[in-house]
Amino acid sequence: MTIHIGANHEDIAETVLMPGDPYRAKWAAETFLQDVKCVNEVRGMLGFTGTWSGHRVTIQGSGMGMPSLSIYANELITSFNAQTLIRIGSCGAMQENINVRDVIIAMTATTLSTPSRGIFKEVNFAPCADYGLLESAVAASRKRDVATHVGGIYSSDVFYDERPDLTEQMTRHGILGVEMEAAELYNLAARHGRRALAVLTVSDHLITHEALPADQREKSFGDMVEIALEAAFA
Ligand code: HPA
């Protein structure tokens, strides 16, 4: 057990999917895993362990933003020996050719800052995905009927961003979408020699202002979860 994860060591699998929303962790575990057991309820940040195609998987909520994700990812890595950590979550699209419901697989994550800034100091470290996971996720996505984009994303510190010029610069430099967690997951995986990836579903669009209606979320998020699971065990 750790401060924020009330599970026994053996209750957490080596492969962990991390949605921001703890209720999405519950939905994904109940929808895609067998023999599901709730392994964490501390602070309502639900975690579940079960099996997928015979492989043990934990799905643990990370909360919103890099400081929250950093708590859970650190404990999963250093206390529970998690080896493969895949963020599954939503993002806002930043390019015209991307639509809501599309999937984005994040090769890199640009930031203004991360909780690792204190370590890197003057260095602008480039958080990047594990290449093997990335390749497997792209292959898994090609087998599915879902438009998938692969490239750089922006891990922001704010949802209500008062700097439209930053969004403009991200779009101009080809960034596919914005979310708030992936960069620090990539930093932590690099630091501890683990594999990390973020597979995201586009829930809203920063240019067209389109948003995914609530009743269409489930199917779209399902593609993302299945891509993540296939990539983890490819
Ligand atoms: N901004 C930041 N994070 C997000 C967004 C967004 O527009 N959409 C989903 N996660």
Side-chain angles (χ1 to χ4, degrees), residues 17-28 45 59-73 85-117 127 129 137 141 146-188 196-225 227-228:
L17 268 49
M18 301 186 77
D21 178 354
Y23 286 107
R24 201 165 292 153
K26 185 173 195 290
W27 168 78
M45 197 56 74
I59 306 184
Q60 169 64 54
S62 72
M64 289 179 281
M66 289 184 268
S68 180
L69 173 130
S70 160
I71 290 171
Y72 296 99
L85 301 98
I86 305 183
R87 165 162 159 69
I88 49 172
S90 58
C91 70
M94 299 181 113
Q95 299 294 331
E96 298 270 10
N97 69 323
I98 298 178
N99 297 303
V100 294
R101 284 182 287 274
D102 289 1
V103 165
I104 292 177
I105 300 175
M107 253 160 76
T108 62
T110 294
T111 64
L112 273 187
S113 71
T114 72
S116 294
R117 188 161 199 110
S141 76
V146 61
T148 304
H149 311 266
V150 186
I153 62 161
Y154 173 45
S155 295
S156 175
D157 286 335
V158 282
F159 188 89
Y160 297 105
D161 201 339
E162 307 250 347
R163 290 278 308 273
D165 58 314
L166 285 182
T167 301
E168 257 171 56
Q169 289 300 343
M170 292 299 122
T171 299
R172 183 176 170 220
H173 288 83
I175 293 294
L176 304 178
V178 55
E179 51 87 75
M180 301 181 67
E181 292 83 15
E184 186 62 2
L185 181 63
Y186 290 3
N187 285 340
L188 290 168
L197 181 68
V199 183
L200 308 165
T201 300
V202 176
S203 61
D204 54 275
H205 206 297
L206 272 72
I207 302 169
T208 65
H209 303 295
E210 197 189 347
L212 191 57
D215 63 343
Q216 291 181 26
R217 283 183 174 228
E218 220 160 83
K219 157 80 179 76
S220 312
F221 290 143
D223 283 320
M224 165 181 78
V225 178
I227 290 168

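Numbering of ligands and ligand atoms starts at 1, following listing order. Positions are given from 1, in the same order as the sequence printed here.
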Counting heavy atoms under 4.0 Å, the part of Ser203 that contacts ligand 1 is side chain

Where is the nearest protein heavy atom to [atom]: which residue, which atom, and how far?
atom: atom 2 (C) of ligand 1; answer: Phe159 CD1, 3.7 Å
atom: atom 1 (N) of ligand 1; answer: Val178 CG1, 3.6 Å
atom: atom 8 (N) of ligand 1; answer: Asp204 OD1, 2.8 Å

Could you tell me, atom by atom, which parts of ligand 1 come under 4.0 Å of a heavy atom of Ser90?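 Close to Ser90: 9 (C), 10 (N).
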
What atoms of ligand 1 come closer than 4.0 angstrom to any heavy atom of Leu206?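 By the 4.0 Å cutoff, the relevant atoms are 7 (O).
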
Can you tell if the side chain of [X] reaches within under 4.5 Å of the side chain of [Y], non-hydrogen atoms only?
X: Glu181; Y: Met64; result: yes
X: Arg87; Y: Leu200; result: yes
X: Leu197; Y: Tyr186; result: yes

Does any N or O atom in Met180 lie less than 3.5 angstrom from one in ligand 1, N or O only? no

Of the non-hydrogen atoms in Gln95 and His205, which two are nearest, and what is the gap between them?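 Looking at all heavy atoms of both residues, the shortest contact is O-NE2, 3.0 Å.
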
Apply salt bridge (charged side-chain N to carboxylate O under 4.0 Å, His left out) to residues Arg163 and Asp165 and explain how you reach the verdict. CA-CA 5 Å; Arg163 290 278 308 273; Asp165 58 314; 2.9 Å; yes

Decide side-chain contact (heavy atoms from CB on, under 4.5 Å) for Cys91 and Val202; before the verdict, give the C-alpha distance in whole Å, the side-chain angles of both, and the deciding distance to 0.1 Å. CA-CA 5 Å; Cys91 70; Val202 176; 4.0 Å; yes

